[in-house]
> 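Input: one structure, supplied below.
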Amino acid sequence: MSEMKDDLQVLTSGRVSLKGLLGKAIGLSIRNRLKKVDYRHLVSPFRERNETDGRWRCEFWGKIVRSAIRSWHVCPDAELLTLIKQTVEDICQTQTADGCISSYPAQLQTKDWDIWGRKYVMLGLARYYRMIEPSEKVREVLMACLDHLMGQVGPSHKNIVDCGHHGGMAASSILGAVIQVYRITGEKRFLEYAQWIAGQGGSRTESIFQKALDGYPPAGLGNGKAYEMMSCFEGLLELYRETGNPEYLETVKRFYQNVREQEIFVTGVGGLKDRCGEFWDLGRLKQTHCDAGILGETCVTVTFIRLSLQMLRLTGDLYAAEELERSLYNGILGAMLPDASWWMHRNPTPLIGPAGKVRAGDQLPGFGEDCCLAQGPEGLATAALFAVMKDDFGPVINLYEDCQAQVQVTNQNQVQILIQGGYPVHSSVRLQIQLAAATQFRLSLRIPFWSRKTRVLVAGEEYTAVPGTYLRIERMWKPGTEIELEFDLSLRVLHAPDGSGYVALRRGPLVLAQDSRLGDVGRPLPCNLQGLLLEPEPPQAEIPTIFRLPDDSLMCDYASAGNHFCPDNTFCVWMKTTDP
Ligand SMILES: [Zn+2]
């Protein structure tokens, strides 16, 4: 049992079925990507231990299997389950008598990306144990894996921060996996090992944890590599759950707040500076700079989503919920092909001026995978974990996309919640409470910060809804009770944080974009758009969500913008306005 209890809990497998934009994408992602992966090929580097060029083929198995398990959790598919079971069996068979599962030959182990890759194997197996089957075999494999690592890296061996890339941050991010193995095995030595890892501070040059607690900006921690860094903080949260040490939680809270305020773009994406968009570099400020580098590695968005879900679960932080919604509807849906068969690495390049979307390539020529292609489906499937959750008093609704959810409310009774209305494109949402018999419980409804005026009627009775809070309704719920919500989807004009005069438009959680299929890209916007109510226009070919501005020009949602994935399909997010 963990020391600290989460505020919000994720529901068990198959309890939340999303049917809107995100739900359809999850279904496509399973059908067109996750069931088409050659899982045997992903295991081959482990079978052969031939990763002698110091690369990261070792990360793909764990990343993709984690994506597959999370997707199966929210949308149980028998064929996908068979593939997962087979590949778990396959990777376990690569374990040698010394407990090692690695793609690196013995003499190169602990160097380059080896520990990073072993982390993903352990995370994949741990998720299998937790979400699919508490298999004794998997438990033993995990225990042997970690004991093997502890024989190579530890207090009397090599230091974790002296292993691998990014100043030891990549290797140190194994912290979360170590906690998972501790939970599964109950072996105290693993918890002590996790505490030792955290004590090394995550980086060769300094303690990124201490600096984060002291309020340093994320760009100033270690070498600034965004998702390795966030993974270390994710691990620290897991250590907090086990130890209850309040300093760990405070450290991650400060780090998370700084990431939100300094690094995340208007589309819920982060990462810039290099040619792949993978570092922190005051990205929120620089998203409208032409020389900011390439923007927005999808892995950064996915890891930010995972960290946001952790913050929401542990603390009920509604800023984290708002970030999740924004990243999912913009950065995540916007990073995949419309049929979910492939993903982008950079999302997009850049946010200012016309740019196009580009499919992720073959990152290690001949291997056929890309890190973002591997992790994209994981971020997407998180939508269903976040949409409907529960606390000690009843269901918690975070997302109003069309959905069907079942939540246990008492030992005997479960409530079925039906959500309809076409959110987030349409503003009216109907929620129906289906029960076998009248039952007392508390229903929590997230009122987004962006919805400045929200009308809530429960069986005809009006409730006051405050933006950025949960509206808590405790009552005796009768079968068939209807809740009506009316969100404020009026247009918000967002000004570029660097004062450059560029603006972006948001309608509810959707960021709008100019798309070359709908008109000139980069043209100035009419002024006085703030607060306008725009109704959706009829869809066109590949663009389902289109809005007409007062000057008769058309814009679409960011996710659909550029989704033809060819160089002449450009789009733009930040624009100038015509002079008043
Ligand atoms: Zn990536």
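Just follow the structure's listing: the first ligand is 1, and inside any ligand the first atom is 1. This is a predicted model, so every value here is computed, not measured. Just the heavy atoms: all of them, side chains too, but no hydrogens, waters or symmetry mates, feed the values below.
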> Less than 4.0 Å between a side-chain N and a carboxylate O, is that true for Glu238 and Arg313?
no

> Please confirm whether Arg33 makes a cation-pi placement over Trp342, using NZ or CZ under 6.0 Å from the six-membered ring centre and within 45° of the ring normal.
yes

> Which protein N, O or S atoms does the Zn ion (ligand 1) have within a distance shorter than 2.8 Å?
Glu297 OE2, Cys299 SG, Cys371 SG, Cys372 SG

> For Phe304 together with Tyr227, are the ring centres under 6.0 Å from each other?
no

> If you look at every heavy atom in Ser71 and Pro377, which pair is closest and at what distance?
OG-O, 4.0 Å

> So for atom OH, which belongs to Tyr39, do other residues, nucleotides or ligands contribute more than 12 heavy atoms lying within a distance under 6.0 Å?
yes

> Using 30° and 60° as the class boundaries, would you call the ring planes of Trp116 and Tyr120 parallel, tilted or perpendicular?
perpendicular

